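Structure record follows, encoded as structure tokens.
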Protein chains: 2
Amino acid sequence: MKGETQDKILQTAIRLIRTKSYNSFSYKDIADEVNIKKASVHYHFDAKSTLGIAAVQEYQSKVSYLMDKLKAEEKDPLKRFDQYIGFFRHGLSNGEICLVGVMSMEINTLTKEIQDELKNFFENYTKWLVDILEDGRDKGMFQYNGSSADKALYITSAIEGALILSRAYNKNNGPSNNNTYNMEYFERVADQIKNDLLNNPC
Amino acid sequence: MKGETQDKILQTAIRLIRTKSYNSFSYKDIADEVNIKKASVHYHFDAKSTLGIAAVQEYQSKVSYLMDKLKAEEKDPLKRFDQYIGFFRHGLSNGEICLVGVMSMEINTLTKEIQDELKNFFENYTKWLVDILEDGRDKGMFQYNGSSADKALYITSAIEGALILSRAYNKNNGPSNNNTYNMEYFERVADQIKNDLLNNPC
DNA sequence: TTATCATTACCTATCAGTAGGTAGACTTAA
DNA sequence: TTAAGTCTACCTACTGATAGGTAATGATAA
């Protein structure tokens, strides 16, 4: 199959970035997981920075697809918001946090090209959330003061932070018998974000 | 002077972790910045993990000192909260984000000893904030629903996330002529956290 | 006082291992 | 036959780490 190995490499890279960070995985790691040799990884992605760019683009297109589908199929703002949160929840339950968050942390060590790719992603990222928020406010379901852009930035910050802290500091973390993680911290923050949206200043 | 070089190494390590991340700096980086040889860094800290532990402990004791001083000297809860935020603001203005946040992101790549050290730090970290929040609520200045522990987790998440995003996505980031960073995103999130504390559900 | 010894804080040189990366031969399927 | 994909085998640069040596300092005992 054309592109099968290439796709495996890409998906593995994305998973490794989300579990260990960009500067903490190597071509050897990829090769071992895909069951090919290091040189073959280089055949598909000549340099690590190339793979990095591809990983961001692939992750973005996956998220774009989900967000567009969500916008088309789910008209209830609260359920749409829940599904938005659900996207992060699902990753975290497998020990994977947001790729944008991880690579943003390492921003000072990345090439200009990757930085630009991330910036582009981040802009879309917040647009989706602004869209959900404004839809909810228009329909009278969400209340918040100030601009939607500010609120989106606030929520995004809280989610990114919650993902990091949840994976690091939950009791019994590390994957359990069924290979999922304790979600306690994440859920506690997610609940508060939602309550703020629903109950905010009278 | 006894310990002068050792302290320079430690301070440099902390700065490099906060600007680049733990897995993105090397003993060579430290050696070059302190103007000694790599082997001399090993003389003071036999292994990188030893240096990592020492960095977390040193950072913790610095923060502890500031927090205790703050508690003793500043009795107005709002001003105390502002100073708490100011601690993160100051770091970010030099391109440095929270060491706990950075290393938590890399948690899966760290030794058990460093993980324990971080967990210990995180527990104190949230205790300080809970203390500020409850003091403010007791004095009738802060309003929030739910437990103080939940609120502290929420605020901590938002701050950690804001630090990451602010450094990565502000316009014109990178250090400017006066060697400081654009703080826009961080301030926008910080303002909302504060407003929530002051105006929340009636 | 001075010769002896230990300690501190560095050095040069080197280690084995791993990083990302390349050249060229081999395999396989269209 | 040709092109795609994978391999072996290698490279250079760098990783954390160690061995062994050297001044300088300080303590100690004859």
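Note that the structure is a prediction, hence the values are computed from the model and not measured. In the text below, chain A, chain B and the rest are named by the order of the sequence lines, each starting its count at 1.
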Please check the phosphate of [N] (OP1 and OP2 only) for any side-chain N or O of [X] closer than 4.0 Å.
| X | N | result |
| --- | --- | --- |
| H44(B) | dT8(C) | no |
| S40(B) | dC11(C) | yes |
| T5(A) | dT6(D) | yes |
| K48(B) | dG16(D) | yes |

Round to a whole Å and report the spacing from [atom1] of [X] to [atom2] of [N].
| X | N | atom1 | atom2 | value |
| --- | --- | --- | --- | --- |
| L16(B) | dT15(D) | CG | C1' | 16 Å |
| Q6(B) | dC10(C) | CD | C1' | 13 Å |
| L51(B) | dG16(D) | CG | P | 10 Å |
| H42(B) | dC10(C) | NE2 | P | 15 Å |
| K20(B) | dT15(D) | NZ | P | 9 Å |
| K37(A) | dC26(C) | NZ | P | 18 Å |
| Y43(A) | dT22(C) | OH | P | 15 Å |
| D29(A) | dA19(C) | CG | P | 6 Å |

request  = Give F25(A) one of three labels, base, sugar-phosphate or nothing, depending on what nucleic acid heavy atoms sit under 4.0 Å from its own.
outcome  =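 Sugar-phosphate, no base atom in range.
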message = Just to be sure I understand the rule, does S26(A) reach a base, reach only the sugar-phosphate, or reach nothing, if contact means heavy atoms closer than 4.0 Å?
response = sugar-phosphate
Rounded distance (nearest 0.5 Å) linking atom NZ of K139(A) with atom CG of D76(A) =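 Result: 7.5 Å between the selected atoms.
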ask   = Picking from dA19(C), dG21(C), dA19(D), which would you name as closest to the side chain of A39(B)?
value = dA19(D)
ask   = For the residue pair F121(B) and Y59(B), is the inter-centroid distance of their aromatic rings smaller than 6.0 Å?
value = yes
message = Once hydrogens and angles are ignored, does a donor-acceptor distance under 3.5 Å link the base of dG20(C) to the side chain of K38(A)?
response =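 Such a pair exists between side chain and base.
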message = What I want to find out is whether D82(B) reaches K194(B) closely enough, with some N-O distance under 4.0 Å, to be called a salt bridge.
response =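 Looking at K194(B) together with D82(B), the answer is yes, because their closest N to O distance falls below 4.0 Å.
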ask   = How far apart are the C-alpha atoms of K20(A) and D29(A), what are their side-chain angles, what is the distance that settles it, and do they pass the salt bridge (charged side-chain N to carboxylate O under 4.0 Å, His left out) test?
value = CA-CA 11 Å; K20(A) 298 176 61 178; D29(A) 296 331; 3.8 Å; yes
inquiry  = Quick check with a 6.0 Å cut-off and a 45 degree axis cone: is R89(B) positioned over the face of F186(B)'s six-membered ring?
reply    =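 No; the conditions do not both hold, so R89(B) does not lie above the ring face of F186(B).
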